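The shown structure was predicted, so the numbers you read here are calculated from the model rather than taken from an experiment. Each chain gets a letter, A, B and so on, in the order its sequence line appears, and its residues count up from 1.
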There are 6 protein chains.
Amino acid sequence: MRTLIVTDTPRPAPADVDRLREFGVATVHEAMGRTGSLGAELRPIQQGLTVAGPAVTALCWPGDNLMIHAAVEQCREGDVLVVATAAPATHGFFGELFATALQHRGVPGLVIDGGVRDTRELREMGFGAWARHVSAEGTVKATAGNVNLPVVVAGQWIRPGDVVVADDDGVVVVPLERVAETITACEARVAKEAATRAAFEQGELGLDRYGLRPLLERLGVEYVSYADLDELDRR
Amino acid sequence: MRTLIVTDTPRPAPADVDRLREFGVATVHEAMGRTGSLGAELRPIQQGLTVAGPAVTALCWPGDNLMIHAAVEQCREGDVLVVATAAPATHGFFGELFATALQHRGVPGLVIDGGVRDTRELREMGFGAWARHVSAEGTVKATAGNVNLPVVVAGQWIRPGDVVVADDDGVVVVPLERVAETITACEARVAKEAATRAAFEQGELGLDRYGLRPLLERLGVEYVSYADLDELDRR
Amino acid sequence: MRTLIVTDTPRPAPADVDRLREFGVATVHEAMGRTGSLGAELRPIQQGLTVAGPAVTALCWPGDNLMIHAAVEQCREGDVLVVATAAPATHGFFGELFATALQHRGVPGLVIDGGVRDTRELREMGFGAWARHVSAEGTVKATAGNVNLPVVVAGQWIRPGDVVVADDDGVVVVPLERVAETITACEARVAKEAATRAAFEQGELGLDRYGLRPLLERLGVEYVSYADLDELDRR
Amino acid sequence: MRTLIVTDTPRPAPADVDRLREFGVATVHEAMGRTGSLGAELRPIQQGLTVAGPAVTALCWPGDNLMIHAAVEQCREGDVLVVATAAPATHGFFGELFATALQHRGVPGLVIDGGVRDTRELREMGFGAWARHVSAEGTVKATAGNVNLPVVVAGQWIRPGDVVVADDDGVVVVPLERVAETITACEARVAKEAATRAAFEQGELGLDRYGLRPLLERLGVEYVSYADLDELDRR
Amino acid sequence: MRTLIVTDTPRPAPADVDRLREFGVATVHEAMGRTGSLGAELRPIQQGLTVAGPAVTALCWPGDNLMIHAAVEQCREGDVLVVATAAPATHGFFGELFATALQHRGVPGLVIDGGVRDTRELREMGFGAWARHVSAEGTVKATAGNVNLPVVVAGQWIRPGDVVVADDDGVVVVPLERVAETITACEARVAKEAATRAAFEQGELGLDRYGLRPLLERLGVEYVSYADLDELDRR
Amino acid sequence: MRTLIVTDTPRPAPADVDRLREFGVATVHEAMGRTGSLGAELRPIQQGLTVAGPAVTALCWPGDNLMIHAAVEQCREGDVLVVATAAPATHGFFGELFATALQHRGVPGLVIDGGVRDTRELREMGFGAWARHVSAEGTVKATAGNVNLPVVVAGQWIRPGDVVVADDDGVVVVPLERVAETITACEARVAKEAATRAAFEQGELGLDRYGLRPLLERLGVEYVSYADLDELDRR
């Protein structure tokens, strides 16, 4: 394992981060051509909170939170801490004390491919956490890892400075170089969705709005009344 | 995969659906002789909501929501949309736009053997969702499936028109032909449970109320005081 | 399987239980040298509730809640019911009626290595439940097990009278013989954490407070500016 | 749960079963339009054995093999025993003694949505077993179920008399009414695959043989040399 | 975590271990009243090997094999090494070098609630391994644990000197104090099974041999011919 | 999703690949400082085969093997095909026909974060496969992906040309730029292991060879005879 702590990593413009936070996870994911999602495994411990910010990354040994301590020092106002582990781990690597230190530095939340604890206190503090597990199980401080090298979390490659957006639907990561184009694509998607929503509220069908009837026909999908259905197909 | 869209499927009387909704999932499941439960894997994304209605079924390819669009058109006031997938899939097949279209048609909720997204918006809309996953991960519209043929969801066979009941405990399905007998059995069970609850509130024990003491004896279960317990059994 | 029901098991002093409840799961676990946690798999069905008490244990056959009925009779004011199963089981072994009977006896909650149901009602009653599953799936009463013999739940050995503490972070068990020393250790830890929290609120870093900088150095961890980073490490 | 034992169930012609066995699981599954597969969870305990036959079905309570005893009596020469459980179960429901009784009756194998044991002996006997688990964990005989009613195993609806085919790739089920058309479709597929295999052995590409190049183009897939690739895409 | 290494632990008579080895896992588990099984999760990396011996136990931190080194020294001729981890861990804690050291000391195998590697070499050496995972992922030597204190592995309490038996069906543990009674019960079971096997080979049914027909009747199980079956039950 | 097919990707010297293949997965992983392992989830379908080669990567949609067809064309003598999926998928994406085409091109094996089928035939052909699942479940050819862009498989970032090594212990990936230094480190490790093996065969202990006794002492680990052990610690 590389044992470096990297300082002074690049970050996006705060205004760009704000835009991505407003769009939310599902929109950003779609706007990037359905990429960047951390999938169904990392879940928020709270409801109704959206967090976005450039990633400060840490790679920890299972059951060892030493490198989170090193990562805290690298966090600046608005950053999101992203913690990967060298192998699957269920421990509660992170709790109230870390959240206290991070809130002092202006960090709104955490994404961790492991467990968190003190979840009640985190919710009361309004500190957002997206984690694979909730567990009281404590950690040691014995083995080296790194800070601000690229990490893989839930199948996504995340580099320091990439923008992490997290809400009730999960987490998405936007590569730093693609922030601008993603915002543009989000804007287009939001406009399109608003029009679709209005149409759906009026009763228009997706089949018509998206022009799917010819596709169904091309794929050989046929309509049949239940009354005409073969007995075998009714069962 | 059969590629049919079946129209004009049978449905139960709305009053019967209302009765089943009042009983809730656990009671209906018990009244059917402990059958019909979709088990522990499909979870609600909200708390405190009970939904019931005849199933409109859709079978989708993993990561492809084309047939949900076709299913929406088959939904009528009071129906519940039930989505199966041809193989396990974690995608967010369903979100706010679909819910908007379905609410317009009077559909109160969705059961899906896959993922949903826009969960915060769904909760705010009061649209019920029971899903195996929550994920922002988006889908394509490329591969055929079917609508209103029988499907298997979480180990249960569900046909269009079968009544789906869903609450905080999960989901249960009542075959259309068994709706009447199930309601009768539910009524009997509810009356019996009310009497049991009253007895338990007075301190009666299940051992006595259900006559279990002779069963324990027949099975060779013995009482022993901790003070008389073998050291080996205390550890 | 041993088929005994053990009566008159030992219990700790209620005041000691009260102290452990105040400390909460994470603190108790740490104070015992990071032992006793039931890990990440048993989750509460409610938020914001902490329960503690001596364990009354039951061992059930999968899908069979006969021995829970026997265990209820052994429960006294303040006890916590702990249910193990002879093999993994997803059923809803426990619901509102059991909770009614237990509340009558002064039992505040349940820890079960299986499923619960009637979760909405349990929340409304304020009866705490920590379970591996939520499922409406009902059980039979046909096979013997035991009550108040030691059980293994989620990898932890729990004997009757051992103190179970459960909150939003999960569950921890304190062996009866170690209650006193655990309270002492919790007090020390709480005092230390309060001081650390205050320091972190002032901006002190864990790296400094815990003296981790020499450890990082000993482990060969080096600092490097992003600007000086090898291209290969930036990707 | 229905508590019936159904006798004298329908069966396909043995010659048809022989044909399906020769084709194997993957071919049969494809010939049915990619349906009928029991997926990736039920695995053989042996290698290199293919079994096929009409299903005799049993539904057992978790940890209870009573109904397997009842099912043995319903098995005839060439049948395959198919065991479902009322909820997930890891027990070893089936071992050498059952296999001895079934081999006496001419049954070549078992498909079970649970566990088996005595796996070494089963392999030595040449009795095929496809199971979700291997476990020494024993069962009781206490709770009713049924025999030869339809069951769901690993998401597939299986009725008595439906043909089960099982090999190293898993298990597939052919509805009794579709046996004839499936054999015809298998023959076509086998012929086509032989031609494809011969072509591939000569170096033809799937892209050309299946005419996929226009599809790639229509989907917007473009070719680019690594030398011309954007730096961001190389990482 | 307790940080002790316990020496000179008790062991059973080698002849008793030999008897248990001959009986195998399923028989021993049944003879103990269906207890002691480590279930379906720990699997052998080889086929056809049975190992038995008194346990030398080690408790390791996830991803850290320091205590295995300490445990090796405590192993004597015929012992089986049993490794637990303080939390779930997928690493390959154990490989060819450890096996070399243990074979030198006369240890025939290992049971580990974690991963192993060098599996090809272990098979070639004839060193038995039962593990939760196979993984090349390496470990560190940084965190304390203990040797020869009781551990929980796969839900079973194992103390040093308890006899571990492992074969293709998994692993079972016999408490040291129960070795003698278990051997007696195994002998009875083996005799009974031999008689049953002979009867089954002659065509006798379990229904008759175990007297299950009256039980089925008492449970309300009825026989019905498929020809008389309700249409709804045939589907 | 990027929809590119990248041609003429870089590759290492064949002699370097040969060296890595000789070292095997565990040695390479350790030599890279315990990085690069694809963990415990991707398993070989055969035993005793080691494969190594530069990666040709493909990213497929779940249940869709279109891009594998495109990837075959990019494979050259000695390459290893590496298939990622855009979300978890259990399908059998790859079988005998693909293996036939790849063997014609000199490709020795496949690593796939999904399922394979025709496993018996693959074994008979001597074509190596490491997969997350075995399943007969077939795929469609409908949705675009890419070939020879970097992919994440089982938490590892793999770029075209990176060297993949796979054996009974799993899979490891060596970044192209680190092939030379990895070979050097492997040589050192192999020499060291041979010396250790020889020492262990003579009875030397790891505690002494690795100098671990002072570490145990520093960590506070103490030796105690079982006879002197506290009763509480014996249980």
So for atom CD, which belongs to Glu124(F), do other residues, nucleotides or ligands contribute more than 12 heavy atoms lying within a distance under 6.0 Å?
yes
Least distance between heavy atoms, Ala86(B) atom then Glu137(F) atom:
O-OE2, 2.8 Å
If every non-hydrogen atom of Trp61(F) is compared with every non-hydrogen atom of Val140(B), which pair is closest and at what distance?
NE1-CG2, 3.5 Å
Residue, of Ala87(F), Ala89(F), Ser135(F), that accumulates the most heavy atom pairs under 4.5 Å with chain B
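Among the listed options, the one with the most contacts to chain B is Ala87(F).
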Distance col, row Thr143(B):OG1 vs Asp64(F):CG, nearest 0.5 angstrom, shows 6.5 Å
